[in-house]
Amino acid sequence: MRTHTVTGSPYGPLTLVATDGVLSGLYMTGQRHRPAEETFGHPDDTGFEPVVEQLTAYFAGDRTDFDLPLHLDGTEFQRTVWAELLKIPYGETRSYGELAEALGNPAASRAVGLANGKNPIGIIVPCHRVVGANGSLTGYGGGIERKRQLLDFERQGAANALF
């Protein structure tokens with residue numbers, strides 16, 4: 001059974017989707033690869049409290065990672081890429097090539113990029129932390145400006161944590 005709710009964020013409304021009570025989607029308005037609304041299930045705030053609390057703490061600068069059960073629905077390769085995204089520390093970035101190398105297939109940077117773009121749980125599974133080989137801000141389902149804002153936000157928080 002799928003349910004959904006919408007919560008606010010500094011980057012616009014976020015649609016949270018749960019499958020059998022486990023977070024399976026976090027989508028921004030205007031997001032590329034955003035599923036059709038009718039696939040989100042019926043509106044219901046029940047069970048989303050931990051997600052909303054952790055997102056609120058993240059956006060307040062009080063949380064740098066998430067501790068939530070996730071239902072990541074995708075191919076085996078996509079799930080492998082998304083698991084690797086979860087290893088990128090707050091305030092840091094990796095290139096598509098570095099992710100491909102970490103997966104043991106340095107030639108797969110394009111495939112990594114495609115899987116990254118299909119990430120169903122943005123922000124929590126930090127696909128925004130992936131950049132081009134030269135550090136450029138390349139594609140992001142939520143838009144390049146949101147990617148820049150999220151990276152700037154995390155870099156500022158990470159820098160403040162050092163002092």
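One is the number of the first residue; the rest follow in order along the sequence.
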Looking at [Y], is its backbone amide N or carbonyl O close enough to the side chain of [X] to form a donor-acceptor pair, meaning the two atoms are under 3.5 Å apart?
X	Y	value
Glu53	Pro50	no
Glu101	Glu98	no
Thr39	Pro35	no
His4	Leu16	no
Ser9	Gly12	yes
Arg129	Ile88	yes
Asn105	Ala100	no
Arg79	Gly74	yes
Trp82	Lys118	no

Taking side chain as C-beta onward, heavy atoms only, is [X] less than 4.5 Å from [Y]?
X	Y	value
Met28	Ile123	yes
Thr80	Leu103	yes
Gln78	Thr75	yes

Least distance between heavy atoms, [X] atom then [Y] atom:
X	Y	value
Gly132	Ser95	O-CB, 3.9 Å
Glu84	Ala102	OE2-CB, 3.4 Å
Val22	His71	CG1-N, 3.5 Å
Pro10	Phe59	CD-CG, 3.5 Å
Arg94	Pro89	NH2-CD, 3.5 Å

Same apolar cluster: [X] and [Y], side chain cutoff 4.5 Å:
X	Y	result
Leu68	Tyr58	yes
Leu86	Leu23	yes
Val130	Phe66	yes

Return yes when atom CD of Glu49 has more than 12 non-hydrogen atoms of other residues, nucleotides or ligands closer than 6.0 Å, and no otherwise.
->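 For Glu49, atom CD is crowded (more than 12 foreign heavy atoms under 6.0 Å).
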Is the number of heavy atoms from other residues, nucleotides or ligands under 6.0 Å of Gln54 CD greater than 12?
->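 Buried by this count: over 12 neighbours within 6.0 Å.
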Candidates Arg146, Glu154, Lys147 - the one meeting side chain to side chain donor-acceptor pair (under 3.5 Å) with His128 =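 Of Arg146, Glu154, Lys147, side chain to side chain donor-acceptor pair (under 3.5 Å) with His128 is met by Glu154 alone.
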Describe, in one word, how the ring planes of Phe40 and Tyr27 are oriented to each other, choosing from parallel (under 30°), tilted (30 to 60°) and perpendicular (over 60°).
->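 Geometry flag for Tyr27 against Phe40: parallel rings.
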Going by the angle between their ring planes, with limits at 30° and 60°, are Tyr11 and Phe153 parallel, tilted or perpendicular?
->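 Rings of Tyr11 and Phe153: perpendicular, as their planes differ by over 60°.
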Residue that, paired with Ile124, satisfies side chain to side chain contact (heavy atoms under 4.5 Å, CB included) out of Asn119, Leu85, Leu55 =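 Result for side chain to side chain contact (heavy atoms under 4.5 Å, CB included) with Ile124: Leu55.
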Scan Val51, Leu26, Val125 and name whichever one has a side chain to side chain contact (heavy atoms under 4.5 Å, CB included) with Leu70.
->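 Only match with Leu70 under side chain to side chain contact (heavy atoms under 4.5 Å, CB included): Val125.
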To the nearest 0.5 Å, what is the distance between [atom1] on [X] and [atom2] on [Y]?
X	Y	atom1	atom2	value
Leu99	Asn116	CG	CG	7.0 Å
Leu72	Ser24	CG	OG	9.0 Å
Leu137	Leu150	CG	CG	11.0 Å

List the steps and the verdict of side-chain contact (heavy atoms from CB on, under 4.5 Å) for Arg63 and Tyr90.
-> CA-CA 10 Å; Arg63 176 177 275 283; Tyr90 179 89; over 6 Å; no
Which is it for Thr15 and Thr7 under the side-chain contact (heavy atoms from CB on, under 4.5 Å) test, yes or no, and what are the steps along the way?
-> CA-CA 7 Å; Thr15 300; Thr7 190; over 6 Å; no
Got a sec, which residues hit side chain to side chain donor-acceptor pair (under 3.5 Å) with Arg148, two or more places apart in sequence or on another chain?
->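 For Arg148, the residues satisfying side chain to side chain donor-acceptor pair (under 3.5 Å) (neighbours in sequence not counted) are Glu145.
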Does a salt bridge link Glu92 with Arg155, judged by any charged N lying under 4.0 Å from a carboxylate O?
->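 Answer for the salt bridge query: no.
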How far apart are the C-alpha atoms of Thr46 and Thr3, what are their side-chain angles, what is the distance that settles it, and do they pass the side-chain contact (heavy atoms from CB on, under 4.5 Å) test?
-> CA-CA 9 Å; Thr46 308; Thr3 59; over 6 Å; no
Residues two or more places apart in sequence or in another chain: which of them pass salt bridge (charged side-chain N to carboxylate O under 4.0 Å, His left out) with Glu37?
->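 By the salt bridge (charged side-chain N to carboxylate O under 4.0 Å, His left out) rule, Glu37 matches Arg34.
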